[in-house]
Number of protein chains: 2
Amino acid sequence: MSKEQGSNIREVAALAGVSIATVSRALQQPDKVRPETRKKVFDAVRQANFVPNAQAASFRRQSNNTVILLVRDIGNPFYLEIYKGVEEAAGEAGFKVLMGDARNDENRVATHIDMVRQKHADGLILMTGQFPSELLDQADTLPPIVIASETVPGLALPTVKIDNRAASKNAVRHLIEAGHTKIAHLAGPFPESLAKERFEGYRDALSEAGIGYSDELVVTGDYSIEAGRRAIAGLLESGISFTAIFASSDQMAIGAISELRGRGISVPADVSVIGFDDIIFANAFEPPLTTVRQPRQEMGRKAMALMVDRLNGKRTAETIVLDTELVVRGSVAPCRSPHR
Amino acid sequence: MSKEQGSNIREVAALAGVSIATVSRALQQPDKVRPETRKKVFDAVRQANFVPNAQAASFRRQSNNTVILLVRDIGNPFYLEIYKGVEEAAGEAGFKVLMGDARNDENRVATHIDMVRQKHADGLILMTGQFPSELLDQADTLPPIVIASETVPGLALPTVKIDNRAASKNAVRHLIEAGHTKIAHLAGPFPESLAKERFEGYRDALSEAGIGYSDELVVTGDYSIEAGRRAIAGLLESGISFTAIFASSDQMAIGAISELRGRGISVPADVSVIGFDDIIFANAFEPPLTTVRQPRQEMGRKAMALMVDRLNGKRTAETIVLDTELVVRGSVAPCRSPHR
DNA sequence: TTGAAAGCGCTAACAA
DNA sequence: TTGTTAGCGCTTTCAA
């Protein structure tokens with residue numbers, strides 16, 4: 001029933017009574033081959049149970065139409081929507097997408113850059129805050145890289161991002177308008193740009209409202225649920241008082257709320273919370289999370305578009321800035337003891 | 001500063017004053033080369049800024065030490081933990097892992113099987129309920145495939161899974177012990193094995209307790225949050241009464257709870273809920289979700305181990321069954337109107 | 001321990 | 001429209 005497995009283009013050519021070039025053409029550009037010839041080839045392909053060896057083709061072409069999407073932490077649902085956008089745009093452009101997990105580890109970023117150098121893939125879409133410092137001054141020898149969501153200071157690469165500072169400022173302003181003045185900030189890991197930009201937005205809103213800034217209200221974490229829990233535990237145990245939280249990720253917001261609740265503090269009655277990202281769980285959560293929505297799908301699409309440009313030889317370092325939106329749901333309430 | 005980019009093994013050989021074979025050996029099996037020669041080669045590699053073309057090597061070796069992990073829906077956090085297990089075991093065995101998204105689409109499964117046939121990867125770990133039916137009778141011509149979590153009836157492939165039927169029965173029994181008799185079941189998509197097995201466990205528990213079974217209490221969905229919402233909306237609108245829900249995924253459980261709450265029905269006070277998977281959000285959710293924990297990391301590790309065996313020529317179709325655990329948290333309460 | 005040489009399967013330039 | 005042919009960069013016998 002099943003024919004020989006490892007048949008190659010030569011066997012097919014022999015079977016069809018044509019040259020291997022014709023087989024290749026019939027398969028790659030059918031309209032360049034006369035219909036009768038095409039039919040002979042297709043029949044032979046079927047008869048030989050032939051599956052072209054994509055590896056050989058990629059090798060010959062010196063490209064394999066594949067890009068790697070490397071994310072900070074594959075456990076964060078935020079990246080999955082991005083992936084979908086990337087994959088959609090990639091499919092349209094004839095590319096495949098593989099997803100890699102950097103696990104917040106700079107070395108793993110370096111490993112994946114090497115994979116591109118070694119032609120495992122044609123390009124790398126980076127969604128990690130980390131970048132191997134030893135590569136920073138080798139910008140001209142880097143393989144095709146596009147940055148999404150994050151930025152790497154001192155590296156002029158095509159980038160798609162949001163205005164983190166403005167989005168944060170807007171979110172914190174929302175808290176201030178509800179009467180909050182003691183606002184904690186669950187930041188990302190410094191000194192990454194993303195963390196710093198959101199932190200600056202937080203400070204902007206504070207100073208705009210004439211509210212004093214306090215170091216003690218800022219805690220950093222790696223955007224995970226666990227980090228959110230830990231941050232709140234630390235804050236509470238150190239006795240700092242606060243009535244609102246602005247978290248740099250929905251996961252941290254969710255961890256924070258869970259921790260708060262575990263200690264008998266209710267959200268939003270006692271403490272208001274705003275997250276960041278609008279992951280799919282934000283809306284199903286109790287209370288439904290007020291958060292900053294990022295246009296994830298579009299971010300993915302744009303990043304892939306930038307990659308296609310780059311792969312086609314465009315050497316600019318364009319930066320695309322996408323809009324965000326504050327999605328007001330149920331995790332913010334008026335401050336009960338304003339100006340306490 | 002930066003040297004020529006696309007240097008190849010020939011240049012390095014010339015630079016080092018040795019043959020290309022020696023360069024290859026120095027890089028692949030350093031101990032087969034005299035230390036002085038090795039040093040010459042390494043110096044030349046550095047000088048030429050040489051990065052071996054992995055594509056060429058893979059092509060020559062006819063294998064690339066890469067496996068694809070194809071999941072049903074990359075948006076479900078359940079798969080991310082699996083991925084971590086797979087990647088860990090893969091790293092130890094010298095393999096790379098790429099993750100693909102089947103989007104509940106049989107055609108995309110076929111596409112990925114083709115990728116392996118075309119040598120994009122050495123093997124495929126399948127976590128999809130779907131399998132292209134036209135390939136079912138070609139088991140002997142299939143590339144290396146391992147099934148995880150799911151099963152494909154009529155296909156004898158190495159598999160790692162849990163005892164879905166027993167786990168479900170145990171979960172539903174927990175509901176029954178709390179006094180519930182009107183228990184809805186949010187099932188996966190029939191006729192997939194996974195959905196059927198969990199459904200059978202549900203029926204087992206019911207009949208064991210002498211509770212009658214009603215078709216109307218069973219609704220199917222694709223394991224997503226949205227499916228959970230829709231299922232509950234349908235149930236409520238058709239006027240069926242129920243006091244508990246056994247959902248086939250945490251995401252459906254979360255969607256269900258969110259929908260219930262939106263309609264003023266509280267969990268667990270009015271309705272008790274049990275989920276399946278124990279995703280990372282289950283514990284942070286309000287109420288913390290009682291659910292069936294799957295040993296995801298281990299499942300991933302075992303699946304990869306099976307793949308390594310298979311790639312090493314082992315041709316058995318071993319099935320490994322892993323243990324589950326009912327994690328009791330806060331989403332189940334005693335039935336307030338038992339035997340209503 | 002090292003080198004020469006064949007060739008993995010395919011694409012694409014060129015010729016017919 | 002089709003065929004001939006030269007490699008892509010590497011690994012791996014086999015011989016020295």
Side-chain angles (χ1 to χ4, degrees), chain A residues 4-42 44-45 48-66 94 114-120 122 143, chain B residues 4-42 44-45 48-66 94 114-120 122 143:
Chain A
E4 55 266 69
Q5 265 296 59
S7 68
N8 62 24
I9 201 172
R10 238 172 302 273
E11 292 179 35
V12 176
L15 225 44
V18 299
S19 74
I20 60 167
T22 299
V23 175
S24 179
R25 267 189 296 258
L27 263 23
Q28 306 307 319
Q29 323 160 55
D31 36 292
K32 292 218 180 241
V33 169
R34 199 148 40 98
E36 306 114 72
T37 315
R38 204 186 305 153
K39 181 170 184 322
K40 277 195 292 182
V41 171
F42 286 171
V45 163
N49 208 4
F50 174 63
V51 179
N53 184 326
Q55 188 132 270
S58 301
F59 167 55
R60 172 62 228 245
R61 291 201 182 101
Q62 289 297 301
S63 106
N64 50 18
N65 278 18
T66 301
D114 271 345
M115 285 181 71
V116 180
R117 281 224 172 95
Q118 296 165 7
K119 312 284 185 193
H120 267 291
D122 296 336
Chain B
E4 57 268 67
Q5 266 295 60
S7 67
N8 61 24
I9 200 171
R10 238 173 302 273
E11 291 180 36
V12 175
L15 225 44
V18 299
S19 73
I20 62 167
T22 299
V23 174
S24 178
R25 266 190 295 257
L27 263 24
Q28 304 308 319
Q29 324 160 53
D31 36 293
K32 291 218 179 239
V33 169
R34 202 149 38 100
E36 306 115 71
T37 316
R38 204 187 306 153
K39 182 172 182 322
K40 278 195 292 183
V41 171
F42 286 171
V45 163
N49 209 2
F50 173 62
V51 180
N53 184 325
Q55 189 132 271
S58 302
F59 167 55
R60 171 62 227 241
R61 290 202 186 99
Q62 291 296 303
S63 106
N64 51 17
N65 278 18
T66 302
D114 270 345
M115 284 182 70
V116 180
R117 282 224 172 98
Q118 296 164 6
K119 312 282 185 194
H120 267 292
D122 296 335

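Note on naming: letters A, B, ... go to the chains in the order of the sequence lines (proteins, then strands), and numbering restarts at 1 for each one.
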Output the rounded distance in Å from [atom1] ([X]) to [atom2] ([N]).
X	N	atom1	atom2	result
B:Ile9	D:dG9	CD1	C1'	7 Å
B:Leu27	D:dC10	CG	P	9 Å
A:Gln55	C:dC8	CD	C1'	10 Å
A:Lys119	D:dC10	NZ	P	11 Å
A:Arg61	C:dG9	CZ	C1'	12 Å
B:Asn64	C:dG9	CG	P	15 Å
B:Glu11	D:dC10	CD	P	10 Å
A:Lys32	D:dG3	NZ	P	16 Å

Under 3.5 Å donor-acceptor, A:Arg38 side chain and A:Ala26 backbone: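 Flag not set: sc A:Arg38 to bb A:Ala26 has no pair under 3.5 Å.
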
- request: Indicate yes or no for a side-chain donor-acceptor contact from A:Asp122 to the backbone of A:Asn64 under 3.5 Å, with no hydrogens or angles considered.
  value: yes

- prompt: In terms of the nearest nucleotide of DNA chain C, which residue is placed more toward the 5' end: A:Arg60 or B:Arg38?
  reply: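 On the 5' side of the pair lies B:Arg38.
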
query: When you match B:Asp31 and A:Gln28 each to their closest nucleotide on DNA chain C, which lands nearer the 5' end?
result: B:Asp31

Of all the heavy-atom pairs spanning [X] and [Y], show the shortest one and how long it is.
X	Y	value
A:Thr37	A:Val18	CG2-CG1, 4.0 Å
B:Ser7	B:Phe50	OG-CA, 3.3 Å
B:Val12	B:Ala44	O-CB, 3.7 Å

message: Let me check the geometry of the helix from C:dT1-D:dA16 to C:dA16-D:dT1. What is the bend angle between the axes at its two ends, five pairs each, to 10°?
response: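 Roughly 30° between the end axes, to the nearest 10°.
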
ring centroid sep under 5.5 Å plus plane angle under 30, A:Phe59 with C:dC10: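 Taking the rule of under 5.5 Å and under 30°, the ring of A:Phe59 does not stack on C:dC10.
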
query: Of the nucleotides D:dT2, D:dC10, C:dG9, which has the atom closest to the A:Val33 side chain?
result: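 Output: D:dT2.
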
Strictly under 3.5 Å: I want the nitrogen or oxygen pairs between protein and nucleotides 3-5 of chain C, one per line.
{"from": "C:dG3", "atom 1": "OP2", "to": "B:Ser19", "atom 2": "N", "distance (Å)": "3.0"}
{"from": "C:dG3", "atom 1": "OP2", "to": "B:Ser19", "atom 2": "OG", "distance (Å)": "3.1"}
{"from": "C:dG3", "atom 1": "OP2", "to": "B:Thr22", "atom 2": "OG1", "distance (Å)": "2.5"}
{"from": "C:dG3", "atom 1": "N7", "to": "B:Arg25", "atom 2": "NH2", "distance (Å)": "2.8"}
{"from": "C:dG3", "atom 1": "O6", "to": "B:Arg25", "atom 2": "NH1", "distance (Å)": "3.3"}

- request: Give the intermediate values and the outcome of side chain to side chain contact (heavy atoms under 4.5 Å, CB included) for residues A:Asn53 and B:Gln62.
  value: CA-CA 9 Å; A:Asn53 184 326; B:Gln62 291 296 303; 3.3 Å; yes

task: Give a yes/no on whether any side-chain N or O of A:Ser24 is located under 4.0 angstrom from OP1 or OP2 of C:dC10.
output: no

query: Within the pair A:Arg34 and D:dT1, is there a side-chain N or O less than 4.0 Å away from OP1 or OP2?
result: no

